[in-house]
Amino acid sequence: MSKEEERGDFGRGDRNLSSRKDGGNSQSKKIRVTEYLLGFNENSEGSTSNVGERIRVSENPLGFNENPEGSTSNEVQRIMASQNSLGFNENPEGSTSNEGEMIGSSDVVEPQDADYSYNPSLSDELVHHILARVPRSEYWKLSFVNKGCLALLRSGELYKLRKDYGTMEPSVFMLASGEPQWWSLDQKFTSCRKLPVLPADSCFAAGDKESLCAGTHLLVSGKEIEGVVIWRYELSMNRWYKGPSMINPRCLFASASCGDVAYVAGGIGMGNIMQVLNSAELYNSETKSWEPLPKMHTPRKLCSGCYMDNKFYVIGGQGIDGGDLTCGECFDARKNTWELIPGMMRDVPIPVSRSPPLLAVVNNELYTLDASSNKLKVYLKRSNCWKELGQVPVRADHSRGWGVAFKSLGKELLVIGGTCNSFAGHGMIICTCSPDPEANDLEWKHVGTGRNRLSHFILNCSVMRA
């Protein structure tokens, strides 16, 4: 038996107890899982509640509400992080905090197959179709049921069905300064969990990194002792894998995501000669490989990317001579060509030593967070200029745009950064807004804070739709 087969719960050993044999109707177990996820009452005699009682923590050190859905949440609290740094309700999804590590935890209670044979059965296909419509934040529960449900999660079949049904949800992956692990947050910011520890060397952990998402993959690019590498987190497996590397390894590049693929362009080459690049590549999460794209008109670094109007845009940055670029370019995959857009950033001030432009696309409209004024602007495509919409509730000007996350989250803008009184290294705030290019006022909604010692300086942030 392979090591993968020996692992039951996302990397934990699956030791079937002799007194808990896999009896009963397997089809019935699946419908019981479905009932539980959809909010029906859990049988008090089921193994899920008993497992939770055995490992119930003696207190709640985080000070957050217990999960009202059942004792399964207690099982998770035992193996979740010692504190909730994000300042809002911790989701039992945190149970997977160590699931992807190479070394499993021997004292964790494994999921056991329970006998629900008294329930009517459903076909595998129907169960899969039902689960594909369940909120993704509930999927953590499946890993505690049996090996069949665990295999279903790992297969990625549910995520393919979610794509077909249009039930995909955006989630946020971010790494804050001083944090050893990445955080994952759901769209409503009612649940959060830590990803498995990224098993890179100390050079990678301490150095600058860049991230992007494609399909159900989170890619993190950085430099290890032996050179530039990419680490890949797969949502279905809840594990980190090394590679594949870009065709032309680079840093300070532009990137954008579109479904199962992601685009990168420009940046500084990390080969024998560190030069400003005009090359571009595409990552395909289905094949786990990179494909070359035609070169841009202008080499550039410190640029930003976005996907709008079915095209990949690369905007701003610096040229070969270090001068600031106000032009943009867009790549049309159907024509396989780049189009130059002169003066695209001429209305946006460019501070000295600034970050790449802070860009996000919502409802096919392009927005930027002006790091010099902390104001939101929308791009007017017809006139090739920017319109000011209002103030943003973070201090992007404090570090000239560095350390601020500005992303699109479904039909909302997401901004994570420091508040006005966060100069000491704390005071993170998370806000969302449904922007209207025609409106004069912005209504920002505060959805979370980092009141428990999580730094407001965001090193990396990416949004995944799955």
Side-chain angles (χ1 to χ4, degrees), residues 1-14 93 95-105 136 139-140 143 150-160 171-175 179-184 193-251 253 255 257 259-264 270 281-291 459-466:
M1 183 179 294
S2 67
K3 292 184 178 179
E4 281 295 322
E5 292 172 333
E6 290 174 355
R7 293 193 182 99
D9 187 13
F10 281 64
R12 301 177 186 142
D14 187 8
E93 234 179 313
S95 64
T96 59
S97 62
N98 293 321
E99 287 168 354
E101 297 179 11
M102 300 303 179
I103 301 178
S105 176
R136 185 160 56 84
Y139 281 8
W140 68 273
S143 62
L150 182 61
L152 176 61
L153 280 177
R154 287 178 167 176
S155 69
E157 180 65 24
L158 291 180
Y159 300 112
K160 293 179 181 178
S171 55
V172 180
F173 293 86
M174 73 174 187
L175 178 67
E179 286 285 304
Q181 290 173 261
W182 283 71
W183 283 92
S184 172
R193 67 183 179 95
K194 284 185 177 181
L195 299 190
V197 175
L198 199 162
D201 63 22
S202 58
C203 180
F204 187 95
D208 293 333
K209 292 172 283 292
E210 292 166 86
S211 65
L212 60 149
C213 287
T216 56
H217 294 179
L218 167 66
L219 305 180
V220 183
S221 175
K223 190 172 183 179
E224 291 189 338
I225 295 176
E226 297 181 355
V228 178
V229 299
I230 286 181
W231 281 93
R232 180 183 81 253
Y233 171 77
E234 295 189 8
L235 180 64
S236 59
M237 298 298 293
N238 193 40
R239 287 189 59 182
W240 291 98
Y241 302 87
K242 181 177 285 190
S245 296
M246 295 184 195
I247 300 172
N248 295 307
R250 65 191 74 204
C251 67
F253 54 85
S255 65
S257 301
D260 293 327
V261 303
Y263 298 87
V264 300
M270 301 300 290
E281 305 177 30
L282 178 145
Y283 175 76
N284 189 325
S285 61
E286 293 292 327
T287 61
K288 301 178 184 179
S289 63
W290 292 90
E291 305 170 13
L459 298 175
N460 302 99
C461 183
S462 292
V463 176
M464 177 188 295
R465 284 183 53 82

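Keep in mind the model is a prediction, meaning the values are calculated, not measured.
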d(Y263 OH, E291 CD) to nearest 0.5 Å is 9.5 Å
Looking only at heavy atoms, the pair that brings S171 and F173 closest together is OG-CE1, 3.6 Å
Contact check, side chains of L195 and Q181, non-hydrogen atoms, under 4.5 Å:
no
Does any part of the side chain of E281, heavy atoms only, come nearer than 4.5 Å to the side chain of F253, both counted from C-beta? no
Smallest heavy-atom separation, K288 atom then P244 atom, equals O-CG, 3.2 Å
Looking only at heavy atoms, the pair that brings V228 and S245 closest together is O-OG, 4.3 Å
Less than 4.5 Å apart, side chain to side chain, heavy atoms only: is that true for Y283 and H217?
yes
Please assess W182 against N460 for the test side chain to side chain contact (heavy atoms under 4.5 Å, CB included), listing each intermediate value before the final yes or no.
CA-CA 9 Å; W182 283 71; N460 302 99; 3.4 Å; yes
Note: R232 and K242 closest approach over all heavy atoms is NH1-O, 4.2 Å
Nearest heavy-atom contact between S236 and L153 is CB-O, 3.4 Å
So side chain to side chain donor-acceptor pair (under 3.5 Å) across residues 195-212, not counting sequence neighbours, yields S211-S462
Using a 3.5 Å distance criterion without hydrogens, assess whether the side chain of W240 forms a donor-acceptor pair with backbone atoms of P196. yes
Between the OH atom in Y159 and the CE atom in M464, the distance rounded to the nearest 0.5 Å is 9.0 Å
### Query
Is there side-chain contact between V172 and C461, with heavy atoms separated by less than 4.5 Å?
yes
Rounded to the nearest 0.5 angstrom, the CE-CD1 distance for M246 and I230 is 4.0 Å
- prompt: Under 4.5 Å between any side-chain heavy atoms of E179 and M174, yes or no?
  reply: no
Evaluation steps, side chain to side chain contact (heavy atoms under 4.5 Å, CB included), between W183 and K194:
CA-CA 5 Å; W183 283 92; K194 284 185 177 181; 3.3 Å; yes
D260 and S285 have their tightest heavy-atom pair at O-OG, 2.8 Å
Hey, does L235 have a side-chain heavy atom less than 4.5 Å from the side chain of R136?
-> yes
Does any part of the side chain of N248, heavy atoms only, come nearer than 4.5 Å to the side chain of W290, both counted from C-beta?
no
Review point. Would you find a donor on one side and an acceptor on the other, under 3.5 Å apart, between the side chain of S257 and the backbone of C213?
Key: yes
Backbone of M237 reached by a side-chain donor or acceptor of R154 within 3.5 Å:
no
Subject >> Close side-chain approach of V220 to F204, heavy-atom, < 4.5 Å >> reply: yes
message = Under a 3.5 Å distance rule, please check whether E234 uses its side chain to pair with a backbone N or O of R239 as donor and acceptor.
response = no
